[in-house]
Amino acid sequence: MHYMKLLGLEMMVFAIGATVLFGQGNQEAANLTRQGIEASKAKDWDKAIAAFKRAAQLDEHYAPNLASALQQRGAVYVSQQKFQEAVADYSEALKVKAKDPDIFERRAYAEMQLKDYDKALHDYNEAIKLSPEEPKYYQVRALIYQTKGDFKAALADVDKILKVDPNNQDAQQRKKFLEAKLHAPPTPPATPSGPIPNPNVRPSAPATATPVGKP
């Protein structure tokens with residue numbers, strides 16, 4: 001499975017206009033939002049985020065613009081393999097949009113690249129709570145469980161995918177792999193090198209020197 005393709009982390013179309021309330025409410029916030037939109041068109045995300053953040057502080061109606069810009073910069077950081085920075089931006093975006101499963105998913109991807117599988121698993125759990133009918137969340141959570149060696153939990157997620165999408169090839173292949181892992185005979189312990197000690201013979205006590213008596 002190509003995870004980048006699964007997540008769809010290619011550059012998003014940056015749609016800010018839905019939350020722009022020009023001519024309404026705080027005029028300074030509206031002006032800052034205009035600056036943020038112009039900066040976003042130029043892909044100057046640092047400037048855009050600074051403007052949107054100030055606008056959101058003045059008028060909470062502009063906060064969704066800040067969340068969108070943070071996600072966009074996070075996606076740029078991911079493309080540059082700056083995963084710590086991406087995690088930080090997605091975390092800030094979640095402060096604004098705490099109920100957005102896609103932000104949890106994007107942060108989980110960056111955490112997986114950092115091999116922080118426990119945090120990635122937590123984020124997928126949150127995404128699934130918010131959107132329990134989305135099969136791609138189960139698909140990647142199964143991969144995380146598999147990576148952590150929890151094959152039973154991984155198989156449970158794969159079965160959930162196949163109930164919704166029986167023809168999912170990735171899930172079909174992963175199910176075969178996981179079932180083989182779960183039903184494989186246990187690996188015998190390695191044979192120790194050298195003579196094998198007889199369990200029926202007690203080890204002899206170490207010899208002790210006999211004290212010499214005084215004349």
Side-chain angles (χ1 to χ4, degrees), residues 1-20 40 45 48-49 52-53 55-57 59-79 83-148 150-168 170-171 174-175 178:
M1 176 182 63
H2 195 294
Y3 191 77
M4 287 294 288
K5 183 178 179 181
L6 177 67
L7 275 184
L9 283 175
E10 64 274 8
M11 296 295 287
M12 302 176 290
V13 175
F14 197 72
I16 289 178
T19 57
V20 176
S40 69
W45 301 112
I49 287 169
F52 290 142
K53 185 176 291 187
Q57 289 171 345
D59 189 334
E60 64 180 11
H61 288 100
Y62 294 96
N65 296 327
L66 173 60
S68 297
L70 285 164
Q71 289 181 74
Q72 188 69 20
R73 189 171 68 177
V76 172
Y77 281 141
V78 166
S79 70
F83 300 115
Q84 290 282 12
E85 290 86 344
V87 168
D89 271 356
Y90 293 136
S91 297
E92 286 299 310
L94 282 168
K95 292 178 182 179
V96 180
K97 295 182 70 177
K99 301 298 182 181
D100 190 328
D102 288 336
I103 304 178
F104 280 108
E105 180 189 30
R106 294 188 179 102
R107 186 170 71 174
Y109 173 76
E111 289 163 342
M112 288 173 69
Q113 303 311 301
L114 295 169
K115 301 189 185 306
D116 198 340
Y117 298 116
D118 288 337
K119 287 184 179 178
L121 182 60
H122 169 271
D123 281 349
Y124 267 101
N125 289 341
E126 293 301 314
I128 287 171
K129 287 179 186 176
L130 294 167
S131 186
E133 302 302 321
E134 177 53 65
K136 68 177 180 177
Y137 298 156
Y138 295 101
Q139 192 163 345
V140 187
R141 191 172 72 171
L143 175 61
I144 297 173
Y145 278 133
Q146 179 183 315
T147 302
K148 289 170 62 65
D150 191 344
F151 302 126
K152 187 175 181 180
L155 183 59
D157 274 356
V158 168
D159 285 338
K160 291 174 184 175
I161 299 165
L162 290 172
K163 284 183 180 179
V164 179
D165 183 9
N167 297 318
N168 187 305
D170 179 89
R174 196 172 302 283
K175 182 179 176 70
L178 292 167

Inter-residue atom distance Ile49.CD1 - Gln72.CD, 0.5 Å rounding: 9.5 Å
Closest non-hydrogen atom pair, Val76 against Ser79: O-OG, 2.6 Å
Pairwise side-chain contact, Leu70 with Tyr90, heavy-atom cut-off 4.5 Å (strictly under): no
Short side-chain to backbone donor-acceptor contact, Tyr138 and Glu133, under 3.5 Å: no
Where Ala56 and Leu66 come nearest, the two heavy atoms and their spacing: CB-CD2, 4.4 Å
Within 6.0 angstrom of Lys160 NZ, more than 12 heavy atoms from elsewhere: yes
CD (Gln57) with more than 12 external heavy atoms under 6.0 Å: yes
Test: Asp123 and Arg106 ion pair at under 4.0 Å: no
Minimum heavy-atom distance Ile161-Asn168, with the two atoms named: CG2-ND2, 3.8 Å
Heavy-atom donor-acceptor pair, Ser91 side chain to Val87 backbone, under 3.5 Å: yes
Report, one line per pair, each donor and acceptor closer than 3.5 Å where one atom sits in a side chain of residues 92-103; sequence neighbours left out.
residue: Glu92; atom: OE2; partner: Lys95; partner atom: NZ; Å: 2.8
residue: Lys97; atom: NZ; partner: Asp100; partner atom: OD2; Å: 3.3
residue: Asp100; atom: OD1; partner: Asp102; partner atom: N; Å: 2.9
residue: Asp102; atom: OD1; partner: Tyr137; partner atom: OH; Å: 2.7

Test side-chain hydrogen bond (donor to acceptor under 3.5 Å, both in side chains) applied to Asp89 and Gln71, Arg73, Arg107, the passing residue: Arg73
Sequence-distant partners of Asp159, side-chain hydrogen bond (donor to acceptor under 3.5 Å, both in side chains), two or more places apart: Lys175
Atom pair CG (Asp116) and CD (Gln84), whose distance is rounded to the nearest 0.5 Å: 8.5 Å
Derivation and outcome, side-chain contact (heavy atoms from CB on, under 4.5 Å), residues Glu111 and Asp118: CA-CA 9 Å; Glu111 289 163 342; Asp118 288 337; over 6 Å; no
Validation row: Glu105, Glu134 side chains within 4.5 angstrom (heavy atoms): no
For Ala142 against Val158, the heavy-atom pair lying closest together: CB-CG2, 3.9 Å
Working for side-chain contact (heavy atoms from CB on, under 4.5 Å), residues Arg141 and Leu121: CA-CA 7 Å; Arg141 191 172 72 171; Leu121 182 60; 3.6 Å; yes
Nearest heavy atoms of Tyr117 and Met112, plus distance in Å: CE2-O, 4.0 Å
Arg174 vs Leu143, side-chain contact (heavy atoms from CB on, under 4.5 Å): CA-CA, chis, key distance, verdict: CA-CA 9 Å; Arg174 196 172 302 283; Leu143 175 61; 3.8 Å; yes
Contact summary for Ala127 and Phe104, nearest pair of heavy atoms: CB-CB, 4.2 Å
